[in-house]
Amino acid sequence: MTFRILTACLALCLSPSLAAAQDWSIDHDASSVGFETTAFGGPVAGEFSDWSAQITLDPAALESAQISARVQTATGSTGSNGVDDPMLGSDGLAPATHPLALFESSDIRATQTGYDAHGTLTIRDTAQPVILPFTLEIENGRAIADARLTIARTDYGVGASGWGTTAANVTLVLHIEANAAE
């Protein structure tokens, strides 16, 4: 459950990490929105297959940068029914009533190691402020961004009392490749 939420968050955050003095067109085949967590005493990784993002980013004009990402929560998968069923159940991401996880940037800033996308991450209709750190490389009209953001699942109302410490934290893992839009 937490896995999908984190993946959604990361996917939303990485999507905005694309830059060039313009809008970017995401290469979905080369990009991924995933998550990492722990469950049943071991590491778990998964991915969301259905997501979209609109990115406007020019490193020389960050004041006009904007990132908006949407993740279809029902598409989260770890490949394990024992993890996926609770993650997608009514105590987890609950896609039947909360079909989208969203990220909207409000401010993007340069840092010594890359960029920070300040914004709001919404999961299960619960909005929380987040700072998504990401790296960005742009060459010949192609941008590659990578981001990782760790969130607490309970901050978004994900999980049941029986979950204990399982997936208490979820790390969203984003890899976004995009081409400068024409």
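We use all heavy atoms of the structure for the numbers below, so side chains are in, but hydrogens, waters and symmetry mates are not.
With hydrogens and angles disregarded, a donor-acceptor distance shorter than 3.5 Å links the side chain of Thr73 to the backbone of His98. Listed for the Asp116 side chain is no donor-acceptor partner under 3.5 Å among the backbone atoms of Arg109. Checked by atom type and distance alone, the side chain of Thr120 never pairs as donor or acceptor with a backbone atom of Ala127 at under 3.5 Å. Within the 3.5 Å criterion, the main-chain N or O of Asp107 finds no donor-acceptor partner in the side chain of Ser105. A donor-acceptor pair is defined here as one N or O able to donate and one able to accept, closer than 3.5 Å; no such pair exists between the side chain of Gln72 and the backbone of Leu100. Under a 3.5 Å cut-off, the side chain of Thr111 and the backbone N or O of Thr113 do form a donor-acceptor pair.
Trp51 and His28 have tilted rings, their planes meeting at an angle from 30° to 60° on a 0 to 90° scale.
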Should Asp155 and Ile123 be marked as a side chain to side chain contact (heavy atoms under 4.5 Å, CB included) after you check the CA-CA gap, both sets of side-chain angles, and the distance that decides it? CA-CA 9 Å; Asp155 288 351; Ile123 301 169; over 6 Å; no
Would you check, one step at a time, whether the test side chain to side chain contact (heavy atoms under 4.5 Å, CB included) holds for Leu93 with Tyr156? CA-CA 9 Å; Leu93 293 176; Tyr156 297 91; over 6 Å; no
Would Leu149 and Phe103 count as a side chain to side chain contact (heavy atoms under 4.5 Å, CB included) if you check the C-alpha gap in whole Å, the side-chain angles of each, and the deciding distance to 0.1 Å? CA-CA 12 Å; Leu149 175 68; Phe103 175 80; over 6 Å; no
Worked verdict on Ser68 versus Glu104 for side chain to side chain donor-acceptor pair (under 3.5 Å): CA-CA 5 Å; Ser68 177; Glu104 293 285 335; 2.5 Å; yes
Salt bridge (Lys or Arg N to Asp or Glu O under 4.0 Å) between Arg142 and Glu137: does it pass, once the steps are laid out? CA-CA 8 Å; Arg142 179 92 171 164; Glu137 294 181 27; over 6 Å; no
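Here Asp84 contributes atom CG and Thr78 contributes atom OG1; the two are 3.5 Å apart, rounded to the nearest 0.5 Å. Between Ser52 atom OG and Ile26 atom CD1 the span is 7.5 Å, to the nearest 0.5 Å. Expressed to the nearest 0.5 Å, how far CD of Glu47 lies from NE2 of His175 amounts to 11.0 Å. Note: Asp23 CG to Asn179 CG = 13.0 Å, rounded to the nearest 0.5 Å.
Minimum heavy-atom separation, Ser32 to Ile176: O-CD1, 4.3 Å. Heavy-atom minimum distance, Ala152 versus Asn169: CA-OD1, 3.6 Å. A pairwise comparison of heavy atoms in Leu136 and Ala143 identifies CD1-CB, 4.0 Å as the closest pair. What you find for Ala94 and Arg124 is that their closest heavy atoms are CB-NH1, 3.5 Å. The minimum heavy-atom distance linking Tyr115 with Pro59 is given by the pair OH-CB, 3.3 Å.
Between Asp50 and Val71 there is no side-chain heavy-atom pair separated by less than 4.5 Å. Between Gln54 and Thr56, every side-chain heavy-atom pair lies at or beyond the 4.5 Å cut-off.
Atom CD of Glu63 has more than 12 neighbouring heavy atoms from other residues, nucleotides or ligands inside a 6.0 Å radius.
Counting only N and O atoms by type, the side chains of Ser31 and Glu177 include no donor and acceptor under 3.5 Å apart.
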